[in-house]
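Just so you know, these numbers come straight off a predicted model, no measurement behind them. Chain naming here is simple, since letters A, B, ... match the order of the sequence lines and numbering starts at 1 in each.
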Amino acid sequence: MFETQSLFAESPLLQGLNAEQLAAVTLPPEPALILAGAGSGKTRVLTTRIAWLLQTGQVTPGGLLAVTFTNKAAKEMLTRLSAMLPVNVRGMWIGTFHGLCHRLLRAHWKLANLPQSFQILDMQDQLSAIKRLCKQHQIDEERYPPKQLQWFIAGCKEDGLRAHQMSPRDEDQRRKIDFYQLYEAQCQREGVVDFGELMLRCYELLRDQDAVREHYQRRFRHILVDEFQDTNKLQYAWLKLLAGHDENGRFVPAGNAVLAVGDDDQSIYAFRGARVGNMADFVREFEVQHQIKLEQNYRSHGNILEAANQLIEHNSGRLGKNLRTEQGAGEPIRVFEAASDFAEADWLIDEIKSLLAEGWSRQEIALLYRSNAQSRVIETALFRAGLPYRVYGGLRFFERAEIKHALAYLRLLDNPNDDTSLLRVVNFPPRGIGARSVEQLQDAARALGCSLHDAASSLGGAAGTKLSAFVAKIDVLREQTEGRTLREIIELVLQHSGLLEHYRADREGADRVENLEELVNAAESFVLQQGFGRDAVALPLDETAPAGPGLTQSPASQGLDPQAPGFDAASAVGSLGAWSVQPDSGETLSPLAAFLTHAALESGDNQAQAGQDAVQLMTVHAAKGLEFDAVFITGLEEGLFPHENSQSDRDGLEEERRLMYVAITRARKRLYLSHAQTRMLHGQTRYNLSSRFLDELPESCLKWISPKQGGWGTGLGRSGSGQAAAAAQPAWGRSGLGDSGRGGKEAAYSGAGSVPAQKSAPAHGIRVGMQVFHNKFGEGKVLTVEGQGDDARAQVNFPRHGAKWLALAIAKLTPV
DNA sequence: GTACGCAGTATTTTT
DNA sequence: TACTGCGTAC
């Protein structure tokens with residue numbers, strides 16, 4: 001059908017691809033959707049597609065746009081691509097949505113109505129800007145918590161809405177919208193943009209500036225989108241503009257070839273605005289003729305895949321996909337029921353130890369949990385056992401307080417109007433400028449209608465003197481750093497700001513001093529990487545392939561940006577000759593500005609414990625996109641996973657199920673699932689039922705295991721009944737392969753009641769032998785009652801569901 | 001301007 | 001439990 005396909009099918013690039021992958025890689029230049037299941041070689045297809053397009057001359061490096069969500073994914077793509085082709089990958093438009101938007105805004109800052117030196121607010125900065133605004137306008141922070149306002153504003157932007165476009169439903173919403181308006185004005189005044197604004201402002205640029213839009217539409221003949229199921233409304237609209245849809249969403253026939261790659265079953269970010277529905281919309285609006293499913297899984301053994309398939313079957317409205325593998329069934333999935341979260345952690349240690357003894361490697365073992373709070377118990381146990389581990393998530397390098405302080409000084413050099421940064425450091429290190437003085441400064445700035453920086457000289461008194469001195473210090477620093485290298489600038493700032501001195505004087509400041517020194521290193525390597533060094537020479541164009549047969553080449557698409565990605569306004573636009581579009585400034589961004597952007601857009605590694613060979617701990621969300629030989633999914637309990645906040649609506653529950661699906665499909669060879677009967681949560685002991693997701697897995701793939709005798713249960717000192725009962729009952733739980741269904745499971749530990757029988761009449765009025773009613777399980781007979789007060793629990797035998805342990809403080813049991 | 005203690009509140013997260 | 005934010009006391 002397509003000439004190019006047969007023509008280039010011999011390419012070594014295409015070796016080893018399966019039929020579907022090959023079809024995806026060699027699709028004709030038309031809109032297409034790839035449904036890529038977990039472990040189906042999605043990234044390989046994406047990068048091979050790019051390489052193939054380049055190699056066959058269907059597109060030049062400059063004519064291609066590839067979008068991802070994370071920097072990690074973008075980097076991965078670049079790395080693999082440069083391994084496949086001798087192409088200069090640096091100038092290519094491969095990056096995150098936000099990174100690419102940023103690049104466009106830098107190139108067209110005037111048309112986007114931004115100051116040239118605009119700065120990016122991260123979430124912390126955004127929140128403090130919001131808090132400041134709340135104070136200024138005397139907004140009741142009880143009724144309108146800043147966090148909630150932040151959420152609201154981000155949500156509006158994700159939907160592509162400006163304050164003036166919104167009509168309030170009620171008074172409450174009207175005030176939020178008003179606040180949104182105020183916030184926008186403040187950001188504009190201060191020359192800062194938040195993450196959502198990067199996207200929205202760029203969308204508006206493309207929507208409103210015909211010349212700019214048309215230029216890029218002509219340029220990017222091929223657009224590839226990774227993780228398409230995670231796109232939000234705005235990102236989809238942005239793609240439509242670039243692809244050749246007009247602002248009304250009408251399809252323009254000369255649209256570019258958009259290749260969307262995604263998996264509806266792995267959509268786990270609806271809570272932050274992702275719209276799986278974009279996949280169906282895409283098919284409809286782009287009149288997609290080519291849909292390819294990648295269902296061949298190269299990652300997991302059969303049992304694991306089967307479990308994943310069966311679980312996800314419980315969701316409705318799926319696009320429909322079933323993973324298959326050519327690997328054997330492999331081992332059964334091991335399921336473990338622990339008496340408590342502590343016992344669960346002890347069991348983890350035990351299993352990990354035997355895995356290690358069998359020769360599994362530590363970094364190939366992942367411990368997953370639904371929420372971060374669960375990591376603590378596990379960490380404690382790992383620590384005690386002396387097992388090296390690494391926790392994903394948490395503070396990242398550029399988010400550390402001392403680094404943010406240093407960056408704030410640096411930002412003030414570039415943009416003195418950045419009030420958020422000024423407020424961060426105006427009295428840090430302490431220089432006698434208290435809340436009172438800052439308030440006066442803010443009043444003055446408001447009265448004069450200028451930035452805090454400019455208002456400083458207008459104040460009299462002691463406060464005025466101190467503030468003027470601070471501002472003067474910044475201004476002097478700016479002059480001193482003129483024409484210096486980035487390294488010199490940062491070193492000067494660290495010295496003259498007093499930051500280094502301050503932390504050196506601090507008994508516990510050693511780590512922080514180290515981090516500040518690391519900042520200098522980070523800047524240094526950034527400069528080297530980006531070719532900002534003094535003798536940096538523009539790299540030659542690296543055109544590896546001639547123009548393809550009969551395929552249109554726009555003049556603009558021939559230019560491969562030789563400079564650093566994103567920071568050269570001229571190269572952002574491409575070779576301009578034939579086009580009316582000019583970048584707003586011929587100057588390239590200064591190394592400092594570029595570095596500040598880098599810091600904001602890539603908050604760095606969360607190098608908590610960078611131990612090379614360590615067990616990996618992370619939330620299920622963080623595990624997306626990763627894979628491990630052995631995976632433990634812990635805390636499989638109702639209320640935890642699925643999380644209680646998601647259980648009310650079906651969509652929420654289905655997202656939780658997809659989350660579980662993601663978790664399961666991380667495992668290559670061995671998968672463990674565990675839950676605990678009791679768990680400390682928010683300082684309270686909770687009795688959770690096992691997760692419904694366990695019930696939704698095929699029994700034939702599971703194997704219930706019991707703890708090793710005497711190997712655990714004593715290490716962690718919670719003087720709880722659960723622990724004691726478990727230790728006294730080495731044989732409880734089930735042994736060997738699963739009983740029929742979940743029914744008999746709980747009955748197996750009916751003997752756990754080694755707790756003294758009750759003497760006094762219990763307040764809850766539940767007694768052995770009673771018939772009771774439960775909302776979920778219906779009617780049942782009480783077998784055992786134990787514990788008192790909040791700890792009281794009962795074992796009830798339900799005809800349909802078998803015997804269950806229920807916490808009487810939580811479960812509503814009514815005598816029949 | 002800082003230090004302490006109390007109350008309220010708890011997902012998931014990238015850019 | 002553990003963290004944050006706020007108010008009070010020095």
Side-chain angles (χ1 to χ4, degrees), chain A residues 67-74 95-103 120-128 131 134-135 141-142 145-148 150-151 154 157-158 193-200 202 226-227 230-232 234-235 267-274 341 368-377 380 392-394 396 398-399 427-438 466 597-604 606 618-625 635 639-648 652 655-656 658-660 662-663 679-686 718:
Chain A
V67 204
T68 63
F69 274 88
T70 64
N71 290 306
K72 207 173 136 201
T96 63
F97 275 101
H98 294 84
L100 297 170
C101 283
H102 170 258
R103 196 163 168 176
I120 299 167
L121 292 187
D122 65 16
M123 294 224 301
Q124 273 178 59
D125 299 331
Q126 191 190 20
L127 189 62
S128 62
K131 281 180 184 167
C134 281
K135 293 236 164 63
E141 296 189 24
E142 297 271 276
K147 277 246 175 71
Q148 205 181 300
Q150 183 180 29
W151 182 256
K157 292 188 180 183
E158 276 156 9
V193 295
D194 60 45
F195 287 129
E197 188 70 24
L198 281 173
M199 245 355 278
L200 182 52
C202 185
D226 191 16
E227 306 277 16
D230 287 338
T231 52
N232 62 35
L234 178 60
Q235 285 158 339
S267 153
I268 54 173
Y269 287 111
F271 72 93
R272 64 174 202 220
D341 46 349
L368 308 185
Y369 35 81
R370 173 68 239 268
S371 66
N372 280 308
Q374 290 166 251
S375 77
R376 246 195 62 242
V377 178
T380 312
Y392 281 64
R396 283 169 306 180
F398 288 112
E399 290 168 356
N427 196 35
F428 196 93
R431 47 175 73 85
I433 301 174
R436 216 33 234 292
S437 313
V438 171
K466 283 178 183 163
T597 297
H598 168 77
L601 246 32
E602 296 185 46
S603 13
N606 23 14
M618 66 195 83
T619 63
V620 180
H621 281 94
K624 190 177 170 199
L640 248 192
F641 199 2
H643 197 275
E644 50 197 345
N645 297 0
S646 327
Q647 286 186 25
S648 47
E655 177 145 323
E656 294 285 308
R658 290 192 292 269
L659 204 46
M660 180 68 184
V662 168
R679 182 177 295 276
M680 277 295 245
L681 199 67
H682 311 323
Q684 276 189 325
T685 306
R686 303 192 7 173
R718 173 146 61 88

Heavy-atom side-chain proximity of A:Val438 to A:Asn427 below 4.5 angstrom: no
Filtered N/O pairs between nucleotides 7-11 of chain B and protein, under 3.5 Å:
residue : atom : partner  : partner atom : Å
B:dT11  : O4'  : A:His643 : NE2          : 3.3

Closest-nucleotide 5' rank along DNA chain B - winner of A:Ile268 and A:Met123: A:Ile268
A:Thr619 or A:Ala435, whichever maps to the more 5' nucleotide of DNA chain B: A:Ala435
Value in whole Å for how far the P atom of B:dT13 lies from OH of A:Tyr269: 7 Å
Between P of B:dT15 and NE2 of A:His621, the distance in whole Å: 15 Å
Annotated protein contacts, base or backbone, on nucleotides 2-10 of chain C with a non-hydrogen cut-off under 4.0 Å, one of B, S, - each: S--SS----
Of A:Met123, A:Gln150, A:Lys157, the residue whose pairing with A:Asp194 passes side-chain contact (heavy atoms from CB on, under 4.5 Å): A:Lys157
Closest nucleotide among B:dT15, B:dT2, B:dT13 to the A:Pro430 side chain: B:dT2
Euclidean distance, atom CG of residue A:Asp122 to atom P of B:dT13 [Å, nearest integer]: 17 Å
Salt-bridge criterion met for A:Asp230 and A:Lys624 (N-O under 4.0 Å): yes
Separation of atom CD in A:Glu227 from atom P in B:dT13, rounded to whole Å: 15 Å
Heavy-atom side-chain contact between A:Val620 and A:Phe641 under 4.5 Å: yes
Gap between atoms CD and C1', on A:Gln150 and B:dT13 respectively (whole Å): 12 Å
Residues that A:Glu656 engages under salt bridge (charged side-chain N to carboxylate O under 4.0 Å, His left out), provided they are two or more places apart: A:Arg370
Protein-nucleotide distance (A:Gln126, atom CD; B:dT13, atom P), rounded to Å: 18 Å
Syn/anti state for B:dT11 [syn: chi within 90° of 0]: syn
Ring pair (Phe, Tyr, Trp, His ring centres under 6.0 Å) partners for A:Phe97, two or more places apart: A:Phe69, A:Trp238
Minimum heavy-atom distance between A:Ala74 and A:Gly95, given as atom pair plus value: CB-CA, 3.9 Å
Sugar-phosphate only, base, or nothing, as touched by A:Gly196 at under 4.0 Å among non-hydrogen atoms: nothing
Donor-acceptor pair, side chain of A:Glu655 and main chain of A:Gly652, under 3.5 angstrom: no
Ring pair (Phe, Tyr, Trp, His ring centres under 6.0 Å) against A:Tyr269, all qualifying residues, sequence neighbours excluded: A:Phe271, A:His621
Rounded interatomic separation in angstrom, taking CH2 from A:Trp151 and P from B:dT12: 12 Å
With A:Glu602 via side chain to side chain donor-acceptor pair (under 3.5 Å) - residues at least two apart: A:Lys75
Between B:dT15 (C1') and A:Phe195 (CZ): distance, integer Å: 5 Å
Sugar-phosphate only, base, or nothing, as touched by A:Ile433 at under 4.0 Å among non-hydrogen atoms: sugar-phosphate
B:dT12 phosphate, OP1 or OP2, under 4.0 Å from A:Arg658 side-chain N/O: no
